[in-house]
Amino acid sequence: MCEKLNYIRNCLKYSFLICLFFLFSCGGGNVSKNIFKINQVAGVESLDPAFAKNLNIMWHTNNIYNRLIEYDDAMNPIPSLASSWKVSSDGKEYTFIIRKGVYFQDNEVFPNGKGREMTAYDVAYSFGRIIDAETASPGAWIFNGNVSESEPFSAPDDSTFIMRLNKPFNPIMGVISMQYCGIVPKEVVQKWGKDFRSHPCGTGPYQLKHWEEAVTITYVKNQNYWEKDSLGRPLPYLDGVKATFIDSKATEFLMFMQGDLDFMNGIDATFKDQVLSKKGELKKEFRDEISLQKHAYMNVEYLGMLQDPKMSSNKALLNKKVRQAINYGFDRKKLVMYLRNSIGTPANAGMIPTSVAGFDSNLVKGYSYQPEKARALVEQAEKELGEKIKVKLQTPDNYMDRCSFIASQLQEIGIQVQLEVMQPNLLREQMSNSKADFFWATWIGDYPDAESYLSLFYSKNTAPPNYTRFKNAAYDKLYEESMLEHNEEKRIAQYQAMDRLIVEEAPCVPLFYDEVMHFVQNRVKGFHTNSLNLMDWKELTVE
């Protein structure tokens, strides 16, 4: 391990980082061996599932709480707190049978401090709390417009929970698997009010021990957790989990290489060439101590082009030939290989990513690098418009290298590109207000259904998610029909037909389908995650 660390240190450009390296290599020897140690560069704002609006929070709520259904590593829905369910013939009523023998974690609010059994009433309360205006949950949108306005959630008895929709909405099962839908006990929430964020109580495998905000969180195993492994052994295996919040990816990297962390999500750009080959593989000199795990992530990176003539300030982007020329005009394979060390898959189809049912590059043929075809389209568009094609591409600073690459190749086909670097929050604001004509965007699916991506182009959706303000009658018809279609094979075919329309009309430029990239110490066993990048700590051990 020392040789590897010396190799890394020799690659560093900034001496102060080396000092931090030595600082974090000291101490820490009195912790139980079976503790999983991670760092999160961004802090955690809340441990309340109703506020699980980003991945930083989700990693924690995923292990404190359970939902009615969850998804396995292959993104198949599996029973969790619901042991079974059925759907009415009209697709508007979902009835769930709630699992018996599941207890909330011990909490001082319960009699004698012992966790009570979870029931259907807790589910109805938890879901109702999400849409209650007093809660002010950022997740209220997941039910708004979908569930019935009169008694959307009810529990006729301890074991039965009913959810009523105002119209059929096939992705609803994916919706209720989201972290917002973690089940909470009413009496504990009422006891703490807004401070429930720091006094969480769920049915999950780990419970909070200590939280020093912006510094560290520690968890201990829930001794009364209800799940068992395939051999009947109680879960979880770990004694606990410790998360730190050091806000430097470079420092995090050094801590991981020293062995002070068991896991690292992604890598600082400064070090990727030292650790990864251009093929995206871990270099040989590191393989004895650490491993790299990569798999498809429910994230699509794309360039969006505003399509509302009343709001657009660039008429060239309203011309389909220009939009198609941009799609043909740069090499996605080179972008992914040289600027991302082959992390991700070039977007050779539409907006449905590789990790979601409906992706099929044979049935949905996207764009490849064809500069001659792109130049011909530019020339045709210039004749129609009577002017040279000029565009301004707005991007957050961390994507500047990728946008510079795209811009340089578009220049070669005759499109003049001006780059404007913006703060991410300001860019999102401009996208939401339809002030951005041409922009870099990221879309991470909220649930494993292609609708989460196709909704970006449904005209009745405002921005977000329809940042391009795309409007197409045929597309809207397919979208609405797919929400009513119960046959999965037919619905997937409708999704693919929508994706082909997106490719043809080109309101966006799919760039690449992202991958999750995790670095894990070889002493960690049982590590796995899924395309949502949600870590499940239940079956982890640290040797």
Side-chain angles (χ1 to χ4, degrees), residues 42 54 269 299-332 334-336 338-340 344 346-347 350-351 366-367 374 377-378 381 385 387-444 453 455-457 459 461-471 502 505-514:
N54 57 48
N299 175 37
V300 179
E301 304 280 334
Y302 71 99
L303 304 180
M305 293 173 275
L306 186 62
Q307 294 302 290
D308 190 330
K310 296 179 180 178
M311 298 179 177
S312 175
S313 61
N314 189 323
K315 65 179 181 179
L317 294 172
L318 298 176
N319 185 295
K320 184 161 75 171
K321 292 184 177 68
V322 173
R323 301 195 301 272
Q324 291 180 332
I326 292 172
N327 270 282
Y328 282 123
F330 69 97
D331 193 331
R332 292 167 175 79
K334 284 186 176 179
L335 186 152
V336 171
Y338 294 111
L339 297 180
R340 288 181 53 82
M351 280 295 288
Y367 294 89
L377 286 166
V378 169
L385 296 168
E387 61 185 19
K388 293 290 185 181
I389 310 301
K390 299 178 181 180
V391 297
K392 180 172 68 175
L393 176 56
Q394 295 173 300
T395 176
D397 58 1
N398 53 326
Y399 298 128
M400 184 63 181
D401 59 342
R402 303 164 198 180
C403 288
S404 295
F405 169 81
I406 294 170
S408 66
Q409 292 209 304
L410 293 183
Q411 300 275 21
E412 293 176 8
I413 64 166
I415 297 178
Q416 298 180 36
V417 182
Q418 174 191 350
L419 296 181
E420 181 181 6
V421 180
M422 305 182 70
Q423 291 295 322
N425 290 340
L426 179 58
L427 178 55
R428 280 194 296 270
E429 181 182 339
Q430 293 212 5
M431 290 161 57
S432 297
N433 294 326
S434 297
K435 302 289 187 184
D437 290 306
F438 191 30
F439 52 87
W440 182 290
T442 298
W443 192 260
I444 302 173
Y453 303 88
S455 65
L456 272 67
F457 306 97
S459 69
N461 287 338
T462 57
N466 190 357
Y467 292 115
T468 64
R469 300 284 183 173
F470 179 69
K471 185 175 183 179
I502 293 170
E505 295 300 320
C508 66
V509 184
L511 299 170
F512 57 87
Y513 312 120
D514 207 355

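Hydrogens, waters and symmetry mates play no part in the numbers below; they use all other heavy atoms, side chains included.
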Are M305 and V391 side-chain neighbours, meaning at least one heavy-atom pair lies under 4.5 Å?
no
Between the main-chain N or O of Q416 and the side-chain N or O of Q418, is there a donor-acceptor pair closer than 3.5 Å?
no
Do other residues, nucleotides or ligands put more than 12 heavy atoms under 6.0 Å from the NZ atom of K471?
no
Euclidean distance, Q394 CD relative to Q430 CD, rounded to 0.5 Å
5.0 Å
Any side-chain to backbone donor/acceptor pair from R340 onto D514? Under 3.5 Å, distance only.
no
As an exercise, state the distance from OH of Y302 to CH2 of W443, rounded to the nearest 0.5 Å.
7.0 Å
Restricting to non-hydrogen atoms, name the atom on Y453 and the atom on I444 that form the minimum distance, rounded to 0.1 Å.
OH-C, 4.4 Å
Under 3.5 Å, is there a donor-acceptor pair between the side chain of Q324 and the main chain of N319?
no
If we ignore hydrogens and angles and just use 3.5 Å, is the side chain of D308 paired with the main-chain N or O of K310 as donor and acceptor?
yes
Would you name the heavy atoms of S404 and L419 that are closest together and state the gap between them?
OG-CD1, 3.5 Å
From L511 CG over to R402 CZ, what is the distance, rounded to the nearest 0.5 angstrom?
9.5 Å
From the options S434, S432, C508, select the one residue that forms a side chain to side chain contact (heavy atoms under 4.5 Å, CB included) with Y467.
S432
Please examine the side chains of I389 and K321, heavy atoms only from C-beta on, and report whether any two atoms are closer than 4.5 Å.
no
For F439 and M422: C-alpha separation, side-chain torsions, deciding distance, then whether side-chain contact (heavy atoms from CB on, under 4.5 Å) applies.
CA-CA 10 Å; F439 52 87; M422 305 182 70; over 6 Å; no
I'd like to know if the side chain of S312 and the backbone of P309 have a donor-acceptor N/O pair within less than 3.5 Å.
no
Tell me yes or no: between the side chains of T468 and N466, is some donor less than 3.5 Å from an acceptor?
yes
How far does CZ of R323 sit from OH of Y328, to the nearest 0.5 angstrom?
13.5 Å
Taking every heavy atom of A506 against every heavy atom of Y367, the minimum-distance pair comes out as CB-OH, 3.8 Å
Which heavy-atom pair separates P507 from Q307 by the least distance, and what is that distance?
CB-CG, 4.0 Å
Are Y399 and E301 side-chain neighbours, meaning at least one heavy-atom pair lies under 4.5 Å?
yes
Given 3.5 Å as the limit, does a donor-acceptor pair link the side chain of N314 with the main chain of K390, or not?
yes
What distance do D437 atom CG and S313 atom OG have between them, rounded to the nearest 0.5 Å?
3.5 Å
What pair of heavy atoms forms the shortest contact from Q409 to F330, and how long is it?
OE1-CA, 3.1 Å
Heavy-atom closest contact (M351 atom, V300 atom, distance)
O-CG2, 3.5 Å
Can you confirm whether I413 sits close enough to L377 that some side-chain heavy atom of one is under 4.5 Å from a side-chain heavy atom of the other?
no
One pair to check against side-chain contact (heavy atoms from CB on, under 4.5 Å): W440 and I406. What are the steps and the verdict?
CA-CA 11 Å; W440 182 290; I406 294 170; 4.2 Å; yes
Taking N327 for its side chain and A374 for its backbone only, find out whether a donor-acceptor pair lies under 3.5 Å.
no
So CG of L318 and CG of L306: to nearest 0.5 Å the spacing works out to 7.5 Å
